[in-house]
Amino acid sequence: MTQQTDQVGEPVDGRCRQRNRRPDRDRVQAHIAAATEDLLTACRALPGAAAREKCALPGWTRGHLLTHVARGADGLRRLLDWARTGVENPQYASHDARAGEIEAGAGRPWQDMVDDAERTADAFHEDLRTLPPHAWRAAVRPVTGERCTPERILVIRLREVVVHHVDLAVGYTFERAPGEAAGIVLDDVAGHYTGRAEPPAFRLHLTDTGERRSFGAGGGPVVTATRAAALGWLTGRAPAPSAGAPQLPPWI
């Protein structure tokens, strides 16, 4: 399908508008590069048997997880191509196709998976480096459904790499993510709940940064947490950080 790619000054979907603190593009790319290298370094240190070992995601091995990270880079590259050319290029052909690629790739030797993750990460960074100015303002639509610009794609990739490093279950935690990178990821994750039609009502107070956020229709219990603990809870990777916290709907 060919269509004229919209040019937008601001993200045009409600969920994008909630993620309205826009960090410097070059700094986000630097965070992506550092987080990717951290993840790959951890993967290179694992033995070949790691491919069949469980990760922190139910039903997945580390092989599934690393294959997902690599195919995720491919999907985001398709969105960058859409922004560059104006020709619609969906992130994934379908949810079934996405799942099939992950299952097919999870049985490979571990080193092949690590090489694949590194190769696709390098290709993603090269696509970013060569993206022309007009493409940065082009509207595309990721699998989550919102229309947004490639600046949002940067945040998606950073979130994927940081969160899935935690999921690798090798001792990496959100506490180890650099402060600015963790803040960018938290903005994105919080935007998911803010953009829901009926998010649970609660107030989040971050004890280490002093930041305060409100969710839902207003009011609700106060949840106190460090930024890292809040990330763990909001992404479903950790239990509620304080008493009285509401039951959250599933994250993406």
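Since we're looking at a predicted model, the values are computed, not measured. Position 1 is the first residue of the sequence, and the numbers go up from there.
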*Identify the heavy atoms of Ala177 and Val162 that sit nearest to each other, and give their distance.*
CB-CG1, 4.3 Å

_Any heavy-atom pair between the side chains of Arg27 and Ile32 that's under 4.5 Å?_
no

*Enumerate the residue pairs fulfilling salt bridge (charged side-chain N to carboxylate O under 4.0 Å, His left out) with a member in residues 29-43, sequence neighbours excluded, ordered by first and then second residue.*
Glu37-Arg44

_Qualifying side chain to side chain donor-acceptor pair (under 3.5 Å) pairs with a residue from residues 49-60, counting only residues at least two apart or across chains_ = Glu53-Arg62

*Are Val155 and Trp251 joined in one hydrophobic group, where the rule is that I, L, V, M, F, W and Y side chains link up if heavy atoms are under 4.5 Å apart?*
yes

_Strictly by side chain to side chain donor-acceptor pair (under 3.5 Å), give each pair with a member in residues 216-239 just once, sequence neighbours left out._
Asp167-Arg237

*Does Leu158 share a hydrophobic cluster with Leu40, counting links as ILVMFWY side-chain heavy atoms below 4.5 Å and allowing steps through other members?*
no

*Flag yes if Leu57 and Val161 sit in one hydrophobic cluster, no otherwise; membership is Ile, Leu, Val, Met, Phe, Trp, Tyr, and two members link when side-chain heavy atoms are under 4.5 Å apart.*
yes

*Does Asp74 pair with Arg71 as a salt bridge, N-O distance under 4.0 Å?*
yes

*CZ/Arg159 to NE2/His192 distance, rounded to the nearest 0.5 angstrom?*
9.5 Å

*asked:* Just to verify, what does Arg77 make a side chain to side chain donor-acceptor pair (under 3.5 Å) with, not counting sequence neighbours?
replied: Asp127

*asked:* If the condition is side chain to side chain contact (heavy atoms under 4.5 Å, CB included), which residues does Pro249 pass it with, not counting sequence neighbours?
replied: Tyr193, Arg196, Pro200

*asked:* In the structure I gave you, are the side-chain heavy atoms of Ile153 and Pro142 within less than 4.5 Å of one another anywhere?
replied: no

*Can you check whether Arg212's main-chain N or O pairs, donor with acceptor, with Arg203's side chain at less than 3.5 Å?*
no

_Shortest non-hydrogen separation from Ala190 to Arg213 and the atoms involved_ = CB-NH1, 3.6 Å

_Atom pair CD (Glu126) and CG (Leu131), whose distance is rounded to the nearest 0.5 Å_ = 11.5 Å

*Mind checking side chain to side chain donor-acceptor pair (under 3.5 Å) for His68 and listing every partner two or more places apart, or none if nothing turns up?*
Glu160, His164

*Checking salt bridge (Lys or Arg N to Asp or Glu O under 4.0 Å) for the pair Arg152/Glu146: CA distance, chi angles, key distance, verdict?*
CA-CA 10 Å; Arg152 168 100 179 95; Glu146 70 271 27; 3.2 Å; yes

*Spell out, yes or no, whether Val189 and Leu248 are grouped together once hydrophobic residues are joined by side-chain heavy atoms under 4.5 Å, including indirect joins.*
yes

*Evaluate whether atom CZ of Arg119 has more than 12 neighbouring non-hydrogen atoms of other residues, nucleotides or ligands under 6.0 angstrom away.*
yes

_Partner residues of Ala97 under the side chain to side chain contact (heavy atoms under 4.5 Å, CB included) criterion, sequence neighbours left out_ = Ala93, Ser94

*Backbone N or O of Arg84 within a donor-acceptor pair of the His134 side chain at under 3.5 Å?*
yes

*Using side chain to side chain donor-acceptor pair (under 3.5 Å) as the criterion, list what pairs up with Arg25, not counting sequence neighbours.*
Glu151

*asked:* For the CG atom of Leu234 and the CG atom of Leu186, what is their distance to the nearest 0.5 Å?
replied: 6.5 Å

*Going by distance alone, is a donor N or O of one side chain under 3.5 Å from an acceptor N or O of the other, for His31 and Glu180?*
yes

_So, using side chain to side chain contact (heavy atoms under 4.5 Å, CB included) as the criterion, who are the partners of Ala51 when residues are at least two apart?_
Trp110, Met113

*Return the set of residues passing side chain to side chain contact (heavy atoms under 4.5 Å, CB included) with Ala42 (not counting sequence neighbours), or none when no residue passes.*
His165, Leu168, Val170

*Flag the pair Phe174 / Val166 as yes when at least one side-chain heavy-atom distance between them is below 4.5 Å, and no otherwise.*
yes

*State whether Arg78 and Asp81 are salt-bridged, where the test is any N-O pair (Lys NZ or Arg NE/NH1/NH2 against Asp/Glu carboxylate O) under 4.0 Å.*
no

*asked:* Which heavy atom of Pro221 sits nearest to which heavy atom of Pro246, and what is that distance?
replied: CG-CD, 4.0 Å

_Please enumerate all residues that pass side chain to side chain donor-acceptor pair (under 3.5 Å) together with Thr67, with sequence neighbours excluded._
Arg108

*Separation of Asp26 CG from Leu128 CG (nearest 0.5 Å)*: 10.5 Å

*Taking all atoms of both residues into account, what is the closest heavy-atom pair of Ala117 and Ala70, and its distance?*
CA-CB, 3.9 Å

_Can you confirm whether Leu80 sits close enough to Trp136 that some side-chain heavy atom of one is under 4.5 Å from a side-chain heavy atom of the other?_
no

*Could you walk me through whether Leu76 and Phe124 pass the side chain to side chain contact (heavy atoms under 4.5 Å, CB included) check?*
CA-CA 8 Å; Leu76 295 179; Phe124 175 73; 3.8 Å; yes

*Rounded to the nearest 0.5 Å, what's the gap from CG on Leu39 to CG on Leu66? Could you check?*
6.5 Å

*Does one hydrophobic cluster hold both Val69 and Tyr92, with members joined at side-chain heavy-atom distances below 4.5 Å?*
no

*Starting at SG of Cys148, measure out to CG of Leu79 and round the result to the nearest 0.5 Å.*
8.0 Å

_Counterpart residues, ring-ring contact (aromatic ring centres under 6.0 Å, His included), relative to Phe215 (two or more places apart)_ = Phe202

*Check for a donor-acceptor pair, side chain of Gln91 on one end and backbone N or O of Val143 on the other, with a separation under 3.5 Å.*
yes

*Determine the minimum heavy-atom distance between Val223 and Pro241, stating which atoms define it.*
CG1-CG, 3.6 Å

